Amino acid sequence: MWKWLHPYAKAETAYNLCYRLLPYFSWLAAITLIAGSIWGLLYAPADYQQGDSFRIIYFHVPTAIWSMGAYTSMAICGMVGIVWQIKNAELAVYAIAPVGAAFTFLALVTGAVWGKPMWGAWWVWDARLTSELILLFLYLGVIALYNSFEDKRTAARAASILAIVGVVNVPIIHYSVEWWNTLHQGASITKFDKPSISPDMLWPLLLNIAGFLFILAAITCLRLANQILINDARRPWVKALVEQSSTEATSLVKGK
Amino acid sequence: MNSNLPQAQLSYWIAFKAIFVRELKLAWQKPSQIIQPMVFFLIVVTLFPLGISPAPKTLQMIGPGVIWIAALLAIMLVVDRLFRQDFQEGTIEAWLLSTVPMSLLVAAKLLAAWFISCSVLLLISPVLALLMNVESQVIPALMLSLLIGTPILLFVGAIGNALTVSLNQGGVLLSLLVLPLYIPVLIFATSLIEAASFNMDYSGQLAILVSMLLVSCFFAPVAIAAALKNTVN
Amino acid sequence: MLEVQGLTCFRQNRCLFAELNFVLSDHQICQIEGPNGAGKSTLLRAILGLFRPDEGKIFWAGESTTQQAELFLQQVLFLGHKFAINSDLTPWQNLEFWAVLNPTSNLDFESALAMVGLTGLEHIPCHSLSAGQHRRVALARLWLTNTKLWILDEPFTAIDKNGVDLLQQRFQQHLQNGGMVLITTHQDLSQNFEQLIKLKLGGNISGEM
Amino acid sequence: MQFNSFTEVLAMGGYGAYVWSSVAIVFAVLLMLIVHSCTAKNRTLRLLRIEQERADKISQAKVANAQALFDKK
């Protein structure tokens, strides 16, 4: 089963694969992100209710979607790593975690900034923002756990186990926060519902969503390659890479 | 090597600096000392709106008290592992045998611990004030009370840690010993913030907190030195 | 010159030793022997002032060590069973810290660490070293100190053969320079130290009440 | 184009501060992430090179000790 996947379990091929995919992802990300942002910020019509402040949606919604997406993909990598004992999948967990944490942080910040003109307060205990905050704590937990271990192999395995446990809790947290929010509905907070989107507002949003996906993929490739290097430090192909990089460094110095 | 040459007289300032620098290096080696209390502080504060209610009015009322209790618990976390590792590795014994008085070395370690772990709590307290919907004019009073209160908590807590460092289940006993001593600090700090929220003059509570700080700054290291000398034998 | 007079120590009301007298002068090494739990470490800690003996006085160069603690502590290097090496810092940083707290003139950590066979490991955190290497970092301090009296609590544990020879050579060198060594160990030191004083504890001679 | 002058773009219907600050934060954080990940490779290679030099130094020291012991016998 999945015969085509097995060659990529070998570290070196996975390392080269990452660096082969990198240019595609980064170019796609650059194009879609720039196009989507300019289209959304400058050309899309303003919202009849919120005016131009709604344009923050082009950054808040993609980061919120991919903060959740990154966590689930991290958990899937953890699962693959533990169930099928594929080393690189476990390494991917710590490759994705910081990127996911950054996206969650961005979703929180843009959500708070967007909330200021709408509700007059920097922070509102709205259901979506609260579960986003809890997701940030889950990410910090995975990163902190990984860094507290000395031996990087056990660290990667522990982080993937925590990621799996976390992903089971994400829907639970989401619905309990949702229920908690409706419970206190009387607490005079207007429901933060998605504005009904007209098509020419939707296209830039889809572009940005794709853009952020490609950025997530590109950075993850970079970080995964780095994790593979750290993990296989003793292997001959990494030693060769280090030799080659040091000769470059010395030649650079000689050249100067 | 003529060994009857009198030792270079070890000035107290050099020893103080040596311990301070050592603590900073340790914090640089293990950044969890800085991040753990901060994240704990953040999470404990976010629990309260989930537990009680997100209504801005109630949050505003309980805000300062919640932030102070969370800071107190975060410092309890810091205090719990102040001398534990040094005791197990024998560093405490070696400090006792140095020519510099032990209370000075302990004071250096506590000062470094404040800069490493507690100053971060101070820095993120405005963010938490935002979370708890605290009015903006109260935030300076909140930060001032934390600036003066956290060292008191650290110094007093360190005495508890020094007393229970050789027992392995020290954590539980530590909170029993130290929490009663924290109560006056909590009372005066929260009343200071309350006075600020009605923009009354809070210099009275401030004076009491500062006097507590001075008392604990001078007597805690001496008590800790005695406690460590006692547990070492 | 270290002089112990009438030292009696109880621990959990069990008498470890009573009325212990001995004198240690320059160029002399004293080995404290005895079965486990005979109070060897307690004797060392009583001399250092870490453990308050029930009776007895300790004099250093004629002065009582309790009154003139600073004069005595300046001249002592103590390597206890727990050897005061921080496992998060690197060997270099540990030696740097101890060079400040117990002032020494010799700051050549490189050769000290090389002497104990830790070349190349100077800058990695001590917790990734083995137990033996961890102890060698503490023993490296013997090459850096110029204090007169060395009090060592079982320095040879977890040290391999040529490590022990290396240490004994260092003791010889220290004794020739007029130093004194007070050591607890189960190793037999008699064949390469002529002026060795043996002190039996917990055995039949002076330990019994 | 929804706005007909650059100043209008900046004002963004009165919400300019909020919109542009959040855009700035988003791109700043992304840039930091990208720069950190790109430099991670050279940092790792440098660390591995230091480790390799340390390993060589240790093995040389072992050889030297063995040699010294051999000469002494």
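As the structure is a computational prediction, the values presented were derived from the model and not from experiment.
With a 6.0 Å cutoff to the six-membered ring centre and a 45° limit on the axis angle, A/K116 does not count as a cation-pi contact of D/Y15.
Remark: A/R235 CZ is loosely packed, at most 12 non-hydrogen atoms of other residues, nucleotides or ligands lying under 6.0 Å away.
A heavy-atom distance below 4.5 Å is not found between the side chains of D/R49 and A/E243. When side chains are defined from C-beta on, A/L33 counts as touching D/L30, because their heavy atoms get closer than 4.5 Å. Using a 4.5 Å heavy-atom threshold, the side chains of A/L41 and D/W20 count as touching. Between D/V26 and A/F212 the shortest side-chain heavy-atom distance falls below 4.5 Å. At least one side-chain heavy atom of A/Y19 sits less than 4.5 Å from a side-chain heavy atom of D/K41. At least one side-chain heavy atom of D/S21 sits under 4.5 Å from a side-chain heavy atom of A/V113.
In this structure, chain D has a heavy atom under 4.5 Å from the side chain of A/V238, while its backbone stays farther away. Both the backbone and the side chain of A/L229 come within contact range of chain D, with heavy atoms under 4.5 Å apart. Within the 4.5 angstrom heavy-atom criterion, atoms from both the backbone and the side chain of A/L42 approach chain D. A/Y43 touches chain D through backbone and side chain together, each having a heavy atom under 4.5 Å away. Of the two parts of A/A112, neither the backbone nor the side chain holds a non-hydrogen atom closer than 4.5 Å to a non-hydrogen atom of chain D.
Comparing A/A233, A/P117, A/S37 by how many heavy-atom pairs each has under 4.5 Å with chain D, the most go to A/P117.
Scanning both residues, D/V19 and A/S53, for their nearest heavy atoms gives CG2-CA, 4.0 Å.
Within the model, atoms CG of D/L47 and CD1 of A/I230 stand 8.0 Å from one another, a figure rounded to the nearest 0.5 Å. Separating the OG1 atom in A/T110 from the CD1 atom in D/I25 is a distance of 8.5 Å, to the nearest 0.5 Å.
Within residues 22-32 of chain A, no residue has a heavy atom under 4.5 Å from a heavy atom of chain D.
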